[in-house]
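To start, the structure under review is shown below, and the notes come after it.
Below, each value reflects all heavy atoms present in this structure, side chains not excepted, and no hydrogens, waters or symmetry copies. The structure displayed is predicted, hence computed values, not measured ones.
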Amino acid sequence: MTLQKKQNLWRECLTVALLIAAVAATEYFFFQLWRLDWHAPILYGGDGIYWVGQVQRSYGELTGSLGWPFYQPPSPYDPNYDLIYDLFVAFVGLFTKDTGVVFNLYVLVIPFANALAGYTVFRMTGMRRWLSFAFGLTFGLCPYVQQRLAGHMMLAAVEFVPFSVLLCLWCAEDPSFGRPGKGFFRNRRNWLAIAFAWGIANNGAAYYPYFTCFFLCITALCLILRDRRLSAGVPCFLTIGEIVAWMIPDFFPMVLGILSGQGSTLTNGVYRSPIGADIYSLRISSLLLSPNGYGWDKLANWLQRYFRLLATDEASVFNENSYGYLGIVGIVGFLVLLVLLFHNHNWKSGKTATPQLGDRFWLLGRLNVAALLLATIASFGGLIGIFLRFIRGYNRISPYIAFFALLAVGLWAERCLCRWQGRRRQIFTAVLVVVLAYGYWEQQGLFVPKYEEVQTTWYQDEAFMDEVEDAAGEDAVIFQLPYMKNFENGSLNNMWDYTLLRGPLHSDTLRFSYGAGYGTENDVWYKATSELEPDAMVAELRAQGIAGIYLDLDGYPEEDQQQTLQSLVEAAGCDPAEVIAHEAGKIYYIPLA
């Protein structure tokens with residue numbers, strides 16, 4: 001290795017180290033990590049509880065305690081649609097089984113992976129180190145990622161979005177890429193594409209593979225229409241085939257479940273409305289309006305009032321699609337790409353010795369507008385959703401739009417830095433640094449968990465379940481009320497979805513009625529028994545050997561809560577002093593023995 005190569009490698013490693021340090025510092029200060037208790041999960045409500053449960057399920061310690069007294073082993077037809085998450089949890093699980101530690105590590109590692117992936121692709125497209133550093137940091141902690149960390153962590157893991165865009169560029173710019181033939185495996189990019197395809201296929205719960213294949217189709221369409229021959233789209237179609245091939249092992253069990261009529265986690269009992277694709281579609285206004293008011297408190301307060309009005313007046317269609325804000329730099333790139341659609345350009349991508357900026361803008365602009373045509377409210381995604389109901393959150397295309405925009409601005413800045421000299425370059429560099437720094441700062445603060453509240457609830461649940469374990473005895477079966485369907489039940493009064501997992505998460509010895517697959521023997525019995533009058537319910541529970549009732553009053557209308565508790569205690573015939581009350585006052589254990 002020459003001295004020059006060693007110096008370049010050293011500089012590259014130093015820049016990567018600085019990027020990692022910058023992400024760590026950002027998380028510490030803006031996520032307020034000094035408030036974190038590693039043994040309590042960052043999130044513990046709604047989908048957060050579900051993902052905490054997924055951590056324990058990965059160890060095999062949770063599934064076997066759910067769906068009693070008629071327990072059935074998990075369906076063999078469960079798809080594995082986020083293998084990267086599972087591999088990470090399994091790896092960390094080799095060193096610790098502490099649920100809080102594993103969960104928190106996964107959440108906090110996501111921005112690092114995103115930033116490093118963005119940096120890598122920015123470098124591979126020709127941007128200099130410090131620019132790639134700045135844009136990688138901006139993408140790694142973009143608003144979409146921060147807001148998704150508060151619930152759907154797997155969707156915040158957008159580390160393969162940059163590689164998806166890179167594949168589109170390779171298909172358009174490299175005549176030797178993705179061409180079947182004897183020299184196929186001599187092209188290093190073809191090997192990288194296979195690796196990228198595996199990552200894309202196993203990331204984002206099928207959404208990101210779906211969107212990546214869509215953008216590859218748009219790239220193929222552009223090439224075919226330009227060259228007027230179908231063979232021009234072969235690299236795109238081959239890359240799509242690689243992604244699909246990696247997805248087959250993940251989703252084949254689900255297909256078998258559908259064909260056999262047994263269903264799977266995703267298909268058994270989960271109804272997807274054909275209008276879901278419209279309800280959870282993209283809002284262009286959400287791409288442009290900052291939850292932080294672009295750094296101005298007065299503007300932030302005004303926008304928050306506007307968002308509250310939307311949430312009140314348009315509650316059914318103003319939901320997670322409010323998470324699409326692009327950031328200041330992203331907005332600039334997004335708008336420029338739209339404007340350039342009105343500019344004539346002789347697209348020569350793949351026919352020149354080196355990629356041309358105008359060609360890249362041409363393709364990125366078309367990918368950008370194709371995303372809008374697919375994902376916005378009442379667009380083509382809504383039509384597709386009539387038939388393909390499992391893909392409904394089209395707003396989740398936002399990180400692709402953000403990366404298109406950041407890449408466009410970054411490539412333009414790189415060209416300016418290369419072409420301009422002297423004072424003009426110095427002024428441009430100073431302005432660019434200020435804009436990037438301001439944009440980075442303005443988009444922070446969108447993920448600040450309620451640490452103390454979560455920690456209090458977590459340790460109160462732990463103490464409550466310790467008392468229940470002592471009272472019920474080892475291997476006892478607990479009946480949970482009110483009935484809640486496993487997987488996307490929806491909220492019941494003030495009780496969020498998945499809330500009944502709180503008990504099982506804190507017990508290693510008890511078994512619970514909640515958690516069976518929808519429509520299974522236990523689920524049918526669980527629902528029917530929960531609808532019985534208290535005396536009849538208690539009689540049935542005793543006949544099945546149930547040790548006690550776990551009652552969450554938040555699942556009942558407030559005016560019925562105390563009457564429900566009193567009726568069950570009277571039916572159980574136990575001394576009120578034997579009833580165990582949760583410290584928060586809404587959860588009770590009623591012994592039946």
Side-chain angles (χ1 to χ4, degrees), residues 121-122 124-127 161-181 183-184 187-190 192-194 196-197 200 209-244 333-376 379-381 383-384 397 400-412 414-415:
V121 173
F122 289 134
M124 294 176 76
T125 54
M127 289 168 55
V161 168
F163 296 113
S164 299
V165 179
L166 183 65
L167 289 175
C168 292
L169 291 177
W170 283 355
C171 287
E173 296 174 354
D174 187 349
S176 64
F177 172 73
R179 295 287 178 180
F184 181 84
N187 189 331
R188 185 169 61 94
R189 286 185 172 180
N190 290 333
L192 287 174
I194 293 172
F196 294 161
I200 293 165
Y210 173 66
F211 293 141
T212 299
C213 291
F214 169 75
F215 289 123
L216 286 167
C217 286
I218 297 300
T219 304
L221 179 63
C222 291
L223 291 166
I224 291 169
L225 292 177
R226 184 192 68 179
D227 296 348
R228 298 182 181 178
R229 53 187 178 88
L230 288 175
S231 60
V234 167
C236 301
F237 299 138
L238 181 65
T239 306
I240 291 172
E242 292 168 352
I243 295 171
V244 172
F334 172 74
L335 295 177
V336 167
L337 288 176
L338 290 181
V339 169
L340 289 179
L341 290 173
F342 298 93
H343 172 67
N344 290 329
H345 177 73
N346 184 17
W347 188 44
K348 298 179 180 179
S349 190
K351 299 182 178 181
T352 56
T354 58
Q356 301 298 305
L357 181 62
D359 288 344
R360 286 180 164 178
F361 277 4
W362 194 96
L363 180 60
L364 290 173
R366 276 141 186 81
L367 296 178
N368 187 49
V369 76
L372 299 181
L373 291 173
L374 175 72
T376 48
S379 59
F380 287 100
L383 295 175
I384 296 172
I397 208 169
Y400 288 87
I401 297 175
F403 194 79
F404 297 151
L406 291 175
L407 182 59
V409 176
L411 291 173
W412 171 77
E414 176 64 34
R415 188 178 73 167

Chi angles and distances behind the side-chain contact (heavy atoms from CB on, under 4.5 Å) call for L406, F122: CA-CA 9 Å; L406 291 175; F122 289 134; 4.2 Å; yes

Listed partners of F404 passing ring pair (Phe, Tyr, Trp, His ring centres under 6.0 Å), at least two apart: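 Only F215 meet the ring pair (Phe, Tyr, Trp, His ring centres under 6.0 Å) criterion with F404.
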
Test ring pair (Phe, Tyr, Trp, His ring centres under 6.0 Å) applied to F334 - qualifying residues, sequence neighbours left out: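 F334 satisfies ring pair (Phe, Tyr, Trp, His ring centres under 6.0 Å) with no other residue.
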
Stepwise side-chain contact (heavy atoms from CB on, under 4.5 Å) check, F214 with I384: CA-CA 12 Å; F214 169 75; I384 296 172; over 6 Å; no

Euclidean distance, [Y] [atom2] relative to [X] [atom1], rounded to 0.5 Å:
X	Y	atom1	atom2	answer
C171	L223	SG	CG	7.5 Å
R366	C168	CZ	SG	14.5 Å
I243	I200	CD1	CD1	4.5 Å
F177	L238	CZ	CG	7.5 Å
F403	L364	CZ	CG	9.0 Å
I224	L230	CD1	CG	5.0 Å

Ignoring hydrogens and geometry, is there a side-chain-to-backbone donor-acceptor pair from [X] to [Y] under 3.5 Å?
X	Y	result
T376	L373	no
R415	L411	no
N187	S176	yes

Contact summary for A375 and I397, nearest pair of heavy atoms: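 Of all heavy-atom pairs spanning A375 and I397, the closest is CB-CG2, 3.6 Å.
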
Nearest atoms (heavy-atom pairs only) where P235 meets A232: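 Nearest heavy atoms, P235 then A232: CD-O, 3.6 Å.
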
Minimum side-chain heavy-atom gap F211-L374 below 4.5 Å: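 Contact flag for F211/L374 side chains = yes.
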
Any side-chain heavy-atom pair of V336 and V339 under 4.5 Å: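 When only atoms from C-beta onward are counted, V339 and V336 do not touch, as no gap falls below 4.5 Å.
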
Option passing side-chain contact (heavy atoms from CB on, under 4.5 Å) with L169 (candidates V121, L367, L363):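 Exactly one candidate clears the test, L363.
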
Of I218, T219, L221, the residue whose pairing with C236 passes side-chain contact (heavy atoms from CB on, under 4.5 Å):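 Output: one option passes, namely T219.
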
R229: salt bridge (charged side-chain N to carboxylate O under 4.0 Å, His left out) partners, not counting sequence neighbours: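 Salt bridge (charged side-chain N to carboxylate O under 4.0 Å, His left out) check on R229 returns D227.
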
Partners passing side-chain hydrogen bond (donor to acceptor under 3.5 Å, both in side chains) against R360 (at least two apart in sequence or in another chain):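 If we apply the side-chain hydrogen bond (donor to acceptor under 3.5 Å, both in side chains) test to R360, skipping adjacent residues, the hits are E173.
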
Summary of side-chain hydrogen bond (donor to acceptor under 3.5 Å, both in side chains) pairs that have at least one residue in residues 338-350, sequence neighbours excluded: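 Qualifying pairs: H345-D359.
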
Selection residues 161-170 - residue pairs positive for side-chain hydrogen bond (donor to acceptor under 3.5 Å, both in side chains), sequence neighbours left out: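 Sorted result for residues 161-170: S164-T212.
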
Within 6.0 angstrom of F380 CZ, more than 12 heavy atoms from elsewhere: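 Not more than 12 within 6.0 Å, no.
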
Pair F196-L166, side-chain contact (heavy atoms from CB on, under 4.5 Å): steps then yes or no: CA-CA 10 Å; F196 294 161; L166 183 65; 4.0 Å; yes

